[in-house]
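Accompanying notes for the structure given below.
We count residues from 1, following the sequence as given. In this text, all values refer to a predicted model and were calculated from it rather than measured experimentally. In listed order, ligands and their atoms are each counted from 1.
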Amino acid sequence: MCGIFAYNGTKNSIPLLVDGLRTLEYRGYDSAGVVGINDTGEIFVQKAVGKVSNLATKVDGSLGNSKVYTTGIAHTRWATHGTVTELNTHPHSSSKERFYVVHNGIIENYKELKKELEKKYTFYSDTDTEVIVKLIEEHYEEDLKKTLEKVTKFLTGAYSVAVIDRENPGTILGIKLWSPLVVGASEDGVFISSDVNALSKVASNYVMLEDDEMVIIQDKKYQIYTAGNLIERESQEMDIEYGIDDMGIFSSHTEKEIHDIPTVLENVFSGRVNFGEKTIYNETLEELAEHEIERIEIISSGSSYYAGMIGSYFFKSLAGISVQVTSGSEFLADELLPDTKTLYVFLSQSGETADTRESLKIVKEKWCLTFGIVNVVGSTISRLADMWLYSHAGVEVGVASTKNVIAQIAVLLMMAVSLGQKRNLQHSKARTLIEELEWLGDNISEVLLNAPKIREIAKKYAKHKSMFVLGRNMFFPVAGEASLKCKELSYIHTEAYSMGELKHGPLALVQPDFPCIVFNPAGKFYTKTVSNIQEIRAREGTVLGYVTKWEELGDLYDDIIEIPNTSEILSIFTSLTASYLFALYIAEELERDVDKPKNLAKSVTVE
Ligand code: F6R
């Protein structure tokens with residue numbers, strides 16, 4: 001949520017900064033801005049509402065070739081305080097435009113601070129960030145390091161900031177608390193970035209800053225301080241290759257990523273599932289099985305929350321372990337009753353989601369066992385958790401999560417089987433499940449081949465303003481995730497309900513032409529769900545069903561999306577994949593920006 005990029009070196013910073021922002025754009029794309037300083041303190045500032053490409057166009061038209069701005073900071077914004085305007089766009093400046101600041105995070109006490117500062121300073125924006133730069137101006141006493149140390153003492157909340165001073169043109173200071181900040185070094189200079197990926201093409205080494213650490217960059221070198229004292233920190237060689245794959249034959253990254261799912265599953269299982277011996281073997285899972293685990297609590301947000309809910313059924317049915325699933329924000333709002341026999345599992349694509357990350361910190365403080373399942377290698381949650389597995393979904397460019405959710409569910413399934421094998425899970429049941437998993441990629445490919453038909457159906461449903469998405473048991477969270485994907489990609493109101501709950505009130509909304517999307521694959525609850533569908537039909541609602549291929553359908557559904565004939569557990573993966581295509585095609589029909597849906601960010605680093 002908001003991306004920071006900064007550079008000091010021998011090159012012109014502006015093009016480097018704009019390029020860095022392109023990689024960080026997944027963190028927010030409401031607006032973007034850049035400021036550079038040359039050796040004599042002259043500045044170049046440019047800001048634009050909308051995507052980084054808008055900023056790039058403005059920069060191209062105004063930068064010229066004659067001046068080299070060797071130091072600069074840049075920002076891509078996901079609006080938290082203040083609307084999406086150029087005035088609210090970072091970098092923010094002090095009143096005499098001496099200091100410039102970019103910030104990722106939220107300053108929770110900004111109102112009180114602003115009230116005080118307003119006695120002396122005029123504020124031009126509605127942002128919390130402007131408070132930081134005005135505080136720097138207020139407390140500056142010839143030493144920016146000391147000033148920043150002092151200023152951060154006033155701040156409550158989360159921040160990673162980078163600051164430059166026109167009167168010390170070759171210097172950048174960065175400091176962080178809770179929001180991520182990485183320093184990258186190359187022969188040509190030093191960078192600061194919100195993530196390591198944005199550094200992968202420009203830096204040969206990198207260092208992740210820890211909370212309360214400050215970096216001072218000067219003359220192409222950097223030093224790290226904690227509590228005012230210089231510390232030694234070994235850098236890591238840049239071993240991350242970050243390439244945004246081109247979209248190939250697909251019209252969006254999201255579409256491509258849905259089509260990547262069979263390959264992603266291969267990666268998830270590779271080296272972890274022995275299909276020949278029909279066993280799950282993974283050192284981390286083996287080690288986990290040694291722990292005395294009586295209960296599991298899964299903590300995650302958004303799509304990861306639904307993946308967690310789906311996983312909870314696996315742990316219960318395959319390993320006999322009771323599970324609670326809590327969203328990160330609710331976990332933080334509740335009281336923790338620490339339990340050393342509970343395994344706390346944190347699910348996150350980005351590994352940076354503030355609600356999930358802060359929950360993890362709270363659990364760690366109580367010395368309970370924590371387990372992370374993350375996609376982004378080296379992200380905060382993987383570094384903080386006692387044990388972790390990567391979901392191996394690869395880089396997900398589409399801001400709405402798709403292939404990673406499927407990968408998370410697959411990892412949870414492996415975990416449940418592995419824990420189950422040490423408990424009461426029948427050997428034969430485990431073997432059958434693993435045998436089936438070998439074909440899961442093929443089953444998904446079959447769904448993907450049905451894309452043209454799903455597109456046709458989606459076109460029909462795109463005209464609706466509101467829909468129910470329904471499922472029972474494991475398919476209730478599947479409905480939740482399918483509904484979330486529809487909402488965030490198409491901006492249509494969809495609401496997920498447990499199928500059995502429909503008759504307890506929501507049925508009031510069902511009337512002729514009101515669409516109900518029902519997950520009803522072959523399985524334990526098939527017949528009960530059919531009865532509930534009859535109740536919808538009795539009110540002349542429209543029914544779209546995700547159903548297993550062989551089903552005798554009669555006139556139960558208005559439309560069907562067929563999924564392969566597999567076990568119930570596997571149809572979670574296939575029907576969810578089909579629902580991703582459905583949401584994507586509705587959004588395309590409505591001409592939405594599917595890769596960058598509005599008001600969403602790939603890394604939500606604020607609570
Ligand atoms: C949905 C989506 C968000 C994220 C949520 C958690 O498509 O992208 O709801 O799932 O912000 O993000 P992670 O998984 O990075 O913790």
Using 30° and 60° as the class boundaries, would you call the ring planes of [X] and [Y] parallel, tilted or perpendicular?
X      : Y      : result
Phe468 : Phe514 : perpendicular
Tyr390 : Trp388 : perpendicular
His75  : His90  : parallel
Phe191 : Phe5   : tilted

Study note, to complete from the structure: Nearest non-hydrogen protein atom to atom 16 (O) of ligand 1, with distance, is Thr353 OG1, 2.4 Å
Practice item. Looking only at protein heavy atoms, identify the closest one to atom 5 (C) of ligand 1 and say how far it is in Å. Key: Ser301 O, 3.6 Å
Review point. Could an N or O of ligand 1 be found under 3.5 Å from any N or O of Thr356, whether backbone or side chain?
Key: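 Such a contact does not occur with ligand 1.
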**Study point:** Polar contact flag for Gln408 and ligand 1 (N/O pairs, less than 3.5 Å)
**Key:** no
Point to revise | Test item, Val405 contacting ligand 1 (heavy atom, 4.0 angstrom) | key: no
Review point. For Lys485, is the nearest heavy atom under 4.0 Å from an atom of ligand 1?
Key: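 Right, Lys485 reaches ligand 1.
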Exercise for review: State whether the number of non-hydrogen atoms from other residues, nucleotides or ligands found under 6.0 Å of Lys366 atom NZ is greater than 12.
Suggested key: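 Atom NZ in Lys366 is not packed in, count stays at 12 or less.
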Check your understanding: Just heavy atoms, cut-off under 4.0 Å: does Asn404 contact ligand 1 by side chain, backbone, both, or neither?
Key ->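 For Asn404, no heavy atom sits under 4.0 Å from ligand 1.
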**Study point:** Of the listed options Ser327, Gly302, Ser303, Ser300, closest to atom 1 (C) of ligand 1 (non-hydrogen atoms)
**Key:** Ser303
Exercise for review: Establish, for the pair Lys598 and Tyr491, whether the NZ or CZ atom is under 6.0 angstrom from the six-membered ring centre and no further than 45 degrees off its axis.
Suggested key: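 Verdict for Tyr491: a cation-pi partner in Lys598.
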**Study point:** Ligand-side contact atoms (ligand 1) for residue partner Val604, heavy atom cut-off under 4.0 Å
**Key:**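 Those atoms are 11 (O).
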Review point. Hey, are the side chains of Arg27 and Asn104 touching, using non-hydrogen atoms and a 4.5 Å cut-off?
Key: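 Touching, per the 4.5 Å side-chain cut-off.
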